[in-house]
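Below is one structure, written out as structure tokens; the observations come after it.
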Amino acid sequence: RQGIGPRRPGKTADEFQQDLLSNLFYRRGTTVESASARDAYETLSLTVRDRLAERRSRTAAAHFATNPRWVYYLSAEYLLGAQLEQNLLYSDTGGLAAEAVKTLGFSLEELEDLDIEPGLGNGGLGRLAACLVDSMATRDIPAVGYGIRYDFGIFHQIITEQGQTERPDDWAFHGNPWEFPAPDDRQTVGFYGRTEPIPGSPTRKRWMPGEIVLGEPSHMLVPGYGTETVNIVRLWRARGSEASFDLSRFSAGQYAEAVQEAVRAENISKVLYPDDSTELGRELRLKQQYFLVSCSLRDIIRRFRLRNEGWAEFADKTVIQLNDTHPTIAIAELMRLLVDEYEVEWDEAWSITRRTFAYTCHTLLPEALETWPVHMFERLLPRHLEIIYLINMFFLREVEARFPGDHDRVRRMSIIAEGPERRVRMAHLAVVGTEAVNGVAELHSKLLRETVLNDFAELWPAKFQNVTNGVSPRRFVKIANPRLADLITEGLGSAAWLGDLEQLAGLEALAGDASFLERWRAIKRANKVDLAAGDPDALTDVMIKRFHEYKRQQLKLLHVIAMYHRIRADPSADWVPRTVLFAGKAAPAYHAAKEIIRLIATIAARIAADPVVSPHLRVVFPENYNVTLAERIIPAADLSEQISLAGKEASGTGNMKLALNGAITIGTLDGANIEIRARVGADNFFLFGMDAYQAAGAHQQGYSPWAYYEADGELRAALDTLRAGTFGEAGQRVADSLLGRDEYLTLADFRSYVETQDEVDQVWRDPLRWAHMSVLNTAHSGFFSSDRTVADYAARIWRVAPVPVPKAD
Ligand SMILES: CCc1ccc([C@H](C)CC(=O)N[C@@H]2O[C@H](CO)[C@@H](O)[C@H](O)[C@H]2O)cc1
């Protein structure tokens with residue numbers, strides 16, 4: 001059946017128009033006269049999707065023909081963002097679409113406002129996954145992203161003076177024109193139950209699960225930019241098995257009981273866990289992780305066996321990247337499938353497994369490293385626990401052999417944490433069961449080797465690598481900031497930079513050109529007018545990221561209060577006008593973070609109502625920060641706040657997006673800030689604060705926040721204002737925690753931060769100097785393209801080669 005592909009979609013405006021109308025009639029079942037905006041949106045989406053699907057068919061044919069080595073990206077989160085604009089750009093049909101929808105009586109802009117954003121992630125990790133799958137396609141790498149199709153994504157955030165409240169995110173309420181359900185590829189997944197030995201086999205076991213659910217996939221197309229490749233992201237949804245509906249109970253009127261098994265099953269993919277740094281250890285979360293892994297591994301094996309015999313080639317044809325510890329149970333699941341179901345010998349199975357997996361760690365926070373109670377594993381995944389015990393036994397023998405008599409090291413490295421409650425350390429299983437372990441920025445990878453995973457780095461130094469994160473320039477420059485993209489293309493003389501971002505370096509030659517700088521400034525101002533967050537001539541000071549005390553939104557707040565005091569002390573002074581914009585969500589159970597959000601809301605309202613301060617300072621907090629809002633805020637930013645305590649932010653990716661859009665960073669030597677500063681130049685970066693090693697020692701050396709309170713009048717005044725309740729109870733509680741433990745040394749870095757902010761004001765007073773620095777930030781941030789990140793993974797970890805997809809004849 002090879003080689004039979006869809007008709008080549010028309011390139012002319014007429015042909016596009018025809019396709020649009022036939023989709024309106026035949027797939028939407030309505031007419032031009034009665035077409036609603038949603039009809040038009042859905043129809044346009046299907047018409048654009050058809051063009052990508054045609055490319056998809058050629059991609060699948062090319063991949064089938066070459067039987068390549070595949071990259072499978074396993075992630076519990078994907079923040080894909082709104083789809084229409086991206087797919088219009090990647091199918092180069094933006095112009096055709098704008099014309100065609102006019103005949104239906106709509107503008108492209110109003111249809112783009114109906115576009116959905118699948119919020120299937122929390123923050124950095126989820127968005128990175130989306131940028132990486134984009135770049136894998138753009139680099140013609142045969143790849144599939146596997147994830148979970150949560151019915152409810154990251155909650156919808158409402159901000160009031162009381163702070164954050166959460167609303168469920170029924171993202172596909174109106175349906176999702178961008179996905180293809182694939183019920184034929186359903187998989188069955190077992191939970192609970194017990195195991196029994198198989199006579200004559202020392203290692204194999206039979207597992208009899210106590211519960212069976214179905215995993216139903218649907219996929220979304222992932223087009224490459226400037227190439228023919230279209231890969232997919234396959235998302236699994238849990239369903240009850242056919243037998244899950246109990247007709248007899250229903251006919252007995254026990255309606256709830258009749259469907260309870262189906263409901264139990266569907267609960268597995270019902271909602272995304274909104275935590276992005278603290279593991280809650282909920283059993284349903286482990287169920288979600290195993291559900292994702294079991295469906296995906298079976299699908300990967302199904303695909304492998306379509307083109308290959310036996311298992312010898314499996315690890316040559318397959319590399320599976322684990323996006324943090326969340327899908328790490330995959331290591332035990334592949335062992336179970338190979339040993340128990342496909343009767344592969346343990347040692348061969350282990351060799352295949354280790355050569356197949358790679359693990360990316362995205363955090364340094366101990367509380368974010370997942371560990372599961374052994375008793376929970378025993379109940380939910382009894383066979384996997386047995387396999388993990390075996391893996392651990394063979395592993396600890398290797399440690400003992402290498403470090404004879406070092407029992408403490410054995411205890412530290414064991415996959416099983418002993419103690420009152422024995423727990424399975426997923427990060428340890430991830431390191432033991434993979435070929436490569438990487439951090440996401442140079443400092444992060446270095447600290448992983450020196451601290452959290454030091455024992456493993458001593459045992460397997462070659463296993464540890466760094467791959468610095470990146471972002472998609474198509475979404476975060478071209479789509480988000482079209483004015484700037486056009487000026488860059490004009491300045492460089494071609495749009496090739498979008499596929500080769502290091503070409504931005506060519507802008508350096510224009511960084512001294514006054515007319516170019518004026519146009520650069522005008523674009524930033526126009527973006528600020530669009531955002532309408534405040535005075536477009538004010539310095540727009542942006543802090544956009546999840547709320548967490550290590551990211552130190554509280555430090556930015558102390559600076560706001562200090563500015564507030566300075567302005568009230570001398571209202572007539574020539575203050576640099578500032579709009580301080582906060583945006584981001586806090587995990588619903590993270591009370592300290594929600595206190596900070598509440599305090600921001602109070603201070604914002606108080607300043608807005610203050611006739612003395614408001615002419616000079618404005619604090620805004622647009623609610624429900626997501627990918628679409630980021631695309632609106634980033635082009636309007638002048639100053640990028642990257643002020644985490646050094647050694648805590650693994651990388652950051654917002655810092656990269658802001659620098660690429662000409663925002664200048666004020667930041668610490670943390671995560672990728674260090675690499676941004678190294679590339680844009682120390683003169684074009686506002687550095688402050690302790691470095692990671694100074695910070696690491698502070699608490700041991702008896703850090704006292706009070707000492708800083710007593711020593712710094714401005715800091716004391718700010719804290720006293722909070723303690724006095726001027727900004728409400730939330731302010732008092734934030735002050736108490738800062739004068740209590742101050743875990744993230746906020747007070748210690750305050751003075752250096754405020755002094756550096758004063759430097760920022762000085763530079764801002766010289767618009768051409770600011771614009772010059774802004775252009776150099778963009779010019780030298782080309783390294784932070786996710787295309788480069790993927791090229792690094794492909795060369796150093798995945799060892800895959802691009803497979804070009806022929807153009808349509
Ligand atoms: C167990 C709960 C949980 C859920 C998510 C996570 C993620 C790893 C948190 C996360 O998003 N980390 C961020 O990953 C980005 C992409 O690599 C980095 O740029 C950020 O620095 C890092 O905080 C940890 C713990």
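Start at 1 and go down the list; that is how both ligands and their atoms are numbered.
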Do Phe750 and His559 have ring centroids that are under 6.0 Å from one another?
no
Under 6.0 Å between the ring centres of Phe291 and Tyr150?
no
Is there side-chain contact between Val213 and Phe191, with heavy atoms separated by less than 4.5 Å?
yes
Is there any N or O on [X] that sits under 3.5 Å from an N or O of ligand 1?
X	answer
Glu649	yes
Ser651	yes
Gly652	yes

Side chain, backbone, both or neither: the part of [X] lying under 4.0 Å from ligand 1 by heavy atom:
X	result
Leu125	both
Asn469	side chain
His326	side chain

Within less than 4.0 angstrom of ligand 1, does Asp275 place any heavy atom?
yes
Provide the number and element of each atom of ligand 1 under 4.0 Å from a heavy atom of Tyr550.
23 (O)
Under 4.0 Å from a heavy atom of Ala650: which atoms of ligand 1 are those, numbered in the order shown and with their elements?
21 (O)
Tell me which one of Leu297, Thr434, Val71 satisfies side chain to side chain contact (heavy atoms under 4.5 Å, CB included) with Ile320.
Leu297
Option of least heavy-atom distance to atom 13 (C) of ligand 1 (set: Lys545, His362, His548)
His362
Decide, yes or no, whether a salt bridge links Arg788 with Glu502 under the criterion of side-chain N to carboxylate O below 4.0 Å.
no
N-O pairing of Lys551 and Glu549 below 4.0 Å:
no
Using ring-ring contact (aromatic ring centres under 6.0 Å, His included), reason through Tyr793 and Trp798 one step at a time and then give a plain yes or no.
CA-CA 6 Å; Tyr793 276 106; Trp798 302 334; 5.0 Å; yes
